Amino acid sequence: MAATDWIRPEIQALQAYAVPDATGLIKLDAMENPYPWPATLKTAWADRLRQVALNRYPDPHAAEVETAVRHTFGIPADSAILFGNGSDEIIQMIALALASPGHCLLSVEPGFVMYRMIALSCGLDYVGVPLRSDDFALDRDALLTAIAQHQPAVIFLACPNNPTGNLFAADDIAAVLRAAPGLVVIDEAYAPFTATSHLPQLGQYANLVVMRTVSKMGLAGLRLGFLAGPADWLDNINKMRLPYNINSLTQTSAVFALQHHAVFCAQAAQICAERTRLSIALTALPGITVYPSDANFVLIRTPPQQAARWFNHLQQNGILIKRLHGTHPALHDCLRLTIGTPEENDAVLQVLQTMH
Ligand SMILES: Cc1ncc(COP(=O)(O)O)c(C=O)c1O
């Protein structure tokens, strides 16, 4: 008896999500905030953690986290809220709730790879609609045609988009919301680095939900994401949530961190300033295209056939970035660099400026 006799063919066809080993390297591959907490904050946080009763199960509703999140991010009072062990888990809960023969999850490409992977693993079909190849904007006609044809149970749009970094035009998103027969998830994972948000639009559309994470603002290790939107959707998606999915240490840490949200906002502002500086400096390299970004990373296109060489050269010099070349036809010669500290960004520039 072999595993292949039993594992579903679509699971066998998937590749597990790969995380490269970054030991000893400057880690600019995963959109993490590079700044640690000030020492005083760490001490106060440790004091809080000492009081956590690890012998007890966590609050199943994460009520204190909910109060803090509603207050910090201004979630409309009439919107429901649902927490996940990272927003990845929320994508999975949505897919599990909507999976049914003939149902599909629709998103855009190049986009966040987990939408496809989670859809297929949960038994939902997946449809990827290409973005415009010149500027990675939504191709409204292609999207509306695909929506009419496939009648997706759910549409995911990351705004800003990963790995391209751009926002989508508000009127294109509104057209999708009007045309969608099912749920529309606006994934705002990169919200700390842009002024644009769809949270204020909650309640204006019966099928709009907004997904956020605390990962990119500087709490990737906590694994906490949330979904806000109409109760009729969230109450049902919540049935897919495993009991106690948000552990006690995460709940206590998140409440503490959100009491110090200003620290993270200041760090995000530094990251945005570095994004501008790095983008301008990269633009000066011969033959490079630097795409505009509203996130904490930049997408670049190297001169033809150079992506592997640049990636390897950076790695040999102790810097890990994300190689996108080969992952999607629209990402030919592309690399993605997470914005680091000024010193880390200087190290990137120094390696790239001296390799010609
Ligand atoms: C667009 C997008 N959504 C969701 C996630 C997942 O975030 P989390 O750490 O909350 O699982 C990522 C992570 O890279 C992302 O890029």
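Numbering of ligands and ligand atoms starts at 1, following listing order. Note that the structure is a prediction, hence the values are computed from the model and not measured.
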Listed pairs under 3.5 Å, donor-acceptor, residues 171-188 side chains, sequence neighbours left out:
unit_1: D171; atom_1: OD2; unit_2: R140; atom_2: NH2; d: 3.2
unit_1: D172; atom_1: OD1; unit_2: R140; atom_2: NE; d: 2.7
unit_1: D172; atom_1: OD1; unit_2: R140; atom_2: NH2; d: 3.1
unit_1: D187; atom_1: OD1; unit_2: A189; atom_2: N; d: 3.1
unit_1: D187; atom_1: OD2; unit_2: Y115; atom_2: OH; d: 2.6
unit_1: E188; atom_1: OE1; unit_2: S197; atom_2: OG; d: 3.0
unit_1: E188; atom_1: OE1; unit_2: R212; atom_2: NE; d: 2.9
unit_1: E188; atom_1: OE1; unit_2: R212; atom_2: NH2; d: 3.2
unit_1: E188; atom_1: OE2; unit_2: H198; atom_2: N; d: 2.5
unit_1: E188; atom_1: OE2; unit_2: H198; atom_2: ND1; d: 3.1

Exercise. Give the C-alpha distance, both sets of side-chain angles, the deciding distance and a yes or no for side-chain hydrogen bond (donor to acceptor under 3.5 Å, both in side chains) between N162 and R336.
Key: CA-CA 10 Å; N162 172 16; R336 188 190 65 199; 2.9 Å; yes
Exercise. Would you sort out whether N245 and E89 count as a side-chain hydrogen bond (donor to acceptor under 3.5 Å, both in side chains), showing the intermediate values?
Key: CA-CA 9 Å; N245 63 328; E89 193 190 39; 2.9 Å; yes
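For Y35, the side chain to side chain contact (heavy atoms under 4.5 Å, CB included) partners are N33, Q267, Q270, I271, T341, P342, not counting sequence neighbours.
Separation of the H260 and F264 ring centroids does not fall under the 6.0 Å cut-off.
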For ligand 1, list every N/O pair with the protein closer than 3.5 Å, one pair per line with the distance.
unit_1: ligand 1; atom_1: 3 (N); unit_2: D187; atom_2: OD1; d: 3.4
unit_1: ligand 1; atom_1: 3 (N); unit_2: D187; atom_2: OD2; d: 2.5
unit_1: ligand 1; atom_1: 7 (O); unit_2: S87; atom_2: OG; d: 3.2
unit_1: ligand 1; atom_1: 9 (O); unit_2: S215; atom_2: OG; d: 2.6
unit_1: ligand 1; atom_1: 9 (O); unit_2: R223; atom_2: NH1; d: 2.7
unit_1: ligand 1; atom_1: 10 (O); unit_2: S87; atom_2: N; d: 2.7
unit_1: ligand 1; atom_1: 10 (O); unit_2: S87; atom_2: OG; d: 2.7
unit_1: ligand 1; atom_1: 10 (O); unit_2: T213; atom_2: OG1; d: 2.6
unit_1: ligand 1; atom_1: 10 (O); unit_2: S215; atom_2: OG; d: 3.4
unit_1: ligand 1; atom_1: 11 (O); unit_2: S87; atom_2: N; d: 3.2
unit_1: ligand 1; atom_1: 11 (O); unit_2: D88; atom_2: N; d: 3.1
unit_1: ligand 1; atom_1: 11 (O); unit_2: D88; atom_2: OD2; d: 3.3
unit_1: ligand 1; atom_1: 11 (O); unit_2: R223; atom_2: NH2; d: 2.9
unit_1: ligand 1; atom_1: 14 (O); unit_2: Y190; atom_2: OH; d: 3.4
unit_1: ligand 1; atom_1: 14 (O); unit_2: K216; atom_2: NZ; d: 2.8
unit_1: ligand 1; atom_1: 16 (O); unit_2: N162; atom_2: ND2; d: 2.8
unit_1: ligand 1; atom_1: 16 (O); unit_2: Y190; atom_2: OH; d: 2.7

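For the salt bridge (Lys or Arg N to Asp or Glu O under 4.0 Å) condition, no pair includes a residue of residues 249-271, sequence neighbours left out.
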